[in-house]
Amino acid sequence: MNTLHLSDSPADLAVAARLLREGEPVAIPTETVYGLAADARNEQAVAKIFAAKGRPQDNPLIVHIGAWEQLRPLVKGIPPQAEKLAEAFWPGPLTMIFKRSEIIPSGVSGGLDTLAVRFPAHPVAQALINQSGCPLAAPSANLSGSPSPTTAAATAADMDGRIAAIVDGGDCQVGVESTVVSLVGQEPVLLRPGYVTAEQIAAVCGSCHIDEAVTSQLKAGQVAASPGMKYKHYAPKARVVLLDGPAAAITDYINAHAEAGVFGLVFDGEEKGLTVPYLTYGARSDEEAQAHAVFEALREADRRGAKILYTACPRTDGLGLAVYNRLLRAAAFEVIKLV
Ligand code: TXA
Ligand code: MG
């Protein structure tokens with residue numbers, strides 16, 4: 001398949017909207033990461049998303065809307081906490097989980113009776129939802145298991161030849177996927193950390209429980225609250241190892257393990273003294289910069305042929321938790337504590 005490379009000009013957006021209406025998947029920019037979008041009501045279109053990504057059928061998709069009023073028909077009931085969270089954070093990088101209505105085929109939700117919905121802030125995403133007239137099911141536009149793409153070029157590296165078109169809307173501002181919070185039970189449950197933090201959700205709702213799978217590995221036989229959490233995720237080809245400790249200890253550890261193919265991924269300003277090739281991903285105290293840079297850094301490590309990527313471990317609160325959660329999965333939970 002020849003994949004069209006479209007810009008965000010009005011003429012190109014009209015082409016993308018037509019392809020979406022016709023049931024073709026199109027990669028689109030959002031403020032978090034690029035998404036691989038298709039009409040959520042069209043089972044064949046949704047099947048093409050799973051095929052293009054090589055995504056397991058039981059891993060549910062997020063449906064994207066372009067206005068608050070578009071939510072009601074997709075779900076069975078909107079809890080008061082969802083209205084409050086929408087007022088605070090929509091449009092934006094927050095996904096909420098509701099009971100699913102019959103308009104959306106169960107395959108979108110991997111057979112679950114719930115549905116994840118997000119109202120993205122990116123103007124191109126909003127324009128495509130509203131011009132196509134389709135609620136858009138859209139997972140991240142990477143091959144299943146790879147780091148999410150935050151540029152059109154990274155999207156093309158995974159999706160060229162597999163989908164109808166890619167719309168280039170520039171770099172994604174946030175850089176990690178949306179926060180996923182379930183509102184199906186009494187208390188909000190954070191299933192995936194993102195730019196909207198657990199602390200911010202608790203401030204709006206009174207509390208926010210963090211699902212244990214956010215920071216720990218599922219035990220054998222345990223059922224995942226969010227099916228995405230049970231798969232290997234965000235992983236570059238290089239083996240990622242997280243190093244948790246101060247700059248000097250990280251530098252010493254990496255240098256002591258220097259050999260061909262070993263790279264460092266450290267915080268800006270902490271690269272001094274490294275004797276191996278390295279990348280940086282934002283300052284130690286700048287979680288926004290880390291979120292923005294982390295996935296592209298993992299992809300760049302692969303492009304440069306890294307075999308082992310020793311990575312400085314981010315904080316585990318606030319937005320740091322989102323970066324930590326992605327790197328922990330990229331590292332298959334391999335963390336070395338240094339003092
Ligand atoms: O920022 C984002 O959320 C991006 C952009 C494109 O909007 N999308 C995205 O989608 O990250 P995806 O498919 O890569 O990740 C969706 C996550 C998965 O971990 C999935 O298991 C979880 O959300 N999820 C979706 N529907 C769910 C549901 N009904 N119940 C529990 N978890 C759900
Ligand atoms: Mg994904």
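This is a predicted model, so every value here is computed, not measured. For this chain, numbers begin at 1 and follow the sequence in order.
Listed here is the closest heavy atom pair of A40 and A137: CB-N, 3.7 Å. Taking both residues in full, the closest heavy atoms of A141 and G35 are given as CB-C, 3.7 Å, listed atom of the first, atom of the second, then distance. Residues K48 and G23 approach most closely at NZ-O, 3.6 Å, considering heavy atoms. For the pair D171 and T151, the tightest heavy-atom approach, listed with the atom from each and the gap, is OD1-CG2, 3.4 Å. Looking at every heavy atom in both residues, A198 comes nearest to C208 through O-CB, 3.8 Å. Closest non-hydrogen pair, V339 versus A249, comes out as O-CB, 3.6 Å.
Between the side chain of Q70 and the backbone N or O of G66, at least one donor-acceptor pair lies under 3.5 Å. Panel note: side chain T311, backbone L309; a donor-acceptor pair is recorded below 3.5 Å. When atom types are taken as modelled, the side chain of Y281 and the backbone of A312 share a donor-acceptor pair closer than 3.5 angstrom. In this structure, the side chain of S101 engages the main chain of P73 through a donor-acceptor pair within 3.5 Å. Formation of a donor-acceptor pair under 3.5 Å by the R329 side chain with backbone atoms of Y234 is not found in this model. For the pair D8 (side chain) and G169 (backbone), a donor-acceptor distance under 3.5 Å is absent. Side-chain atoms of H292 come within 3.5 Å of backbone atoms of C172 as a donor-acceptor pair (strictly under, hydrogens ignored). Judged by distance alone, with hydrogens and angles left aside, the side-chain atoms of N255 form a donor-acceptor pair with the main-chain N or O of G273 at under 3.5 Å. At least one donor-acceptor pair under 3.5 Å links the side chain of K53 to the backbone N or O of S140. One N or O on the side chain of T3 and one on the backbone of G161 form a donor-acceptor pair closer than 3.5 Å.
Counting heavy atoms from C-beta outward, L85 and V196 have side chains that stay 4.5 Å or more apart. For the pair N142 and V33, the minimum side-chain heavy-atom distance is 4.5 Å or more. Contact annotation: the side chain of I308 approaches that of R239 to within less than 4.5 Å [non-hydrogen atoms, C-beta and beyond]. Within the 4.5 Å cutoff, the side chain of P193 has no heavy atoms near those of the V180 side chain.
With rounding to the nearest 0.5 angstrom, the CG atom of D211 is 8.0 Å from the CG atom of L218. The CD1 atom of I201 sits 11.0 Å away from atom CD of E187, with the distance rounded to the nearest 0.5 Å. Between D158 atom CG and I163 atom CD1 the span is 10.0 Å, to the nearest 0.5 Å. Residue Q290 holds its CD atom at 10.5 Å from OG1 of T280, rounded to the nearest 0.5 Å. The OG atom of S132 sits 5.0 Å away from the CG atom of L20 when rounded to the nearest 0.5 Å. Interatomic distance, CG of L71 versus CD1 of I65, reported as 5.0 Å (0.5 Å rounding).
A donor-acceptor contact closer than 3.5 angstrom links the side chains of T95 and S178.
Sorted by first and then second residue, the ring-ring contact (aromatic ring centres under 6.0 Å, His included) pairs with a member in residues 75-128 form an empty list; sequence neighbours excluded.
Around CD of Q173, the count of heavy atoms belonging to other residues, nucleotides or ligands within 6.0 Å does not exceed 12. Surrounding CZ of R304 are more than 12 heavy atoms belonging to other residues, nucleotides or ligands, all under 6.0 Å away. The neighbour count for Q222 CD, taken as heavy atoms of other residues, nucleotides or ligands under 6.0 Å away, is above 12.
Of the residues D12, T155, D160, D168, the one that meets the side chain to side chain donor-acceptor pair (under 3.5 Å) test with H5 is D160.
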Assess whether side chain to side chain contact (heavy atoms under 4.5 Å, CB included) is satisfied between Y195 and T32, documenting all intermediate values. CA-CA 8 Å; Y195 190 82; T32 56; over 6 Å; no

Go through E177 and R118 one step at a time and tell me if the salt bridge (charged side-chain N to carboxylate O under 4.0 Å, His left out) criterion holds. CA-CA 11 Å; E177 308 87 338; R118 178 158 101 84; over 6 Å; no

Side chain to side chain contact (heavy atoms under 4.5 Å, CB included) for Y310 and V262? Distances and angles first, verdict last. CA-CA 7 Å; Y310 287 113; V262 166; 3.7 Å; yes

Apply side chain to side chain contact (heavy atoms under 4.5 Å, CB included) to K337 and D244, showing your working. CA-CA 5 Å; K337 181 95 189 140; D244 182 10; 3.3 Å; yes

Go through L19 and L4 one step at a time and tell me if the side chain to side chain contact (heavy atoms under 4.5 Å, CB included) criterion holds. CA-CA 11 Å; L19 287 167; L4 287 175; 4.2 Å; yes

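When the side chains of ILVMFWY residues are joined at heavy-atom separations under 4.5 Å, either directly or via intervening members, L61 and V63 end up in a single hydrophobic cluster.
Remark: R100 does not engage D113 in a salt bridge, criterion side-chain N to carboxylate O under 4.0 Å. Salt-bridge annotation for E296 and R299: absent, with no side-chain N of the basic residue lying under 4.0 Å from a carboxylate O of the acidic one.
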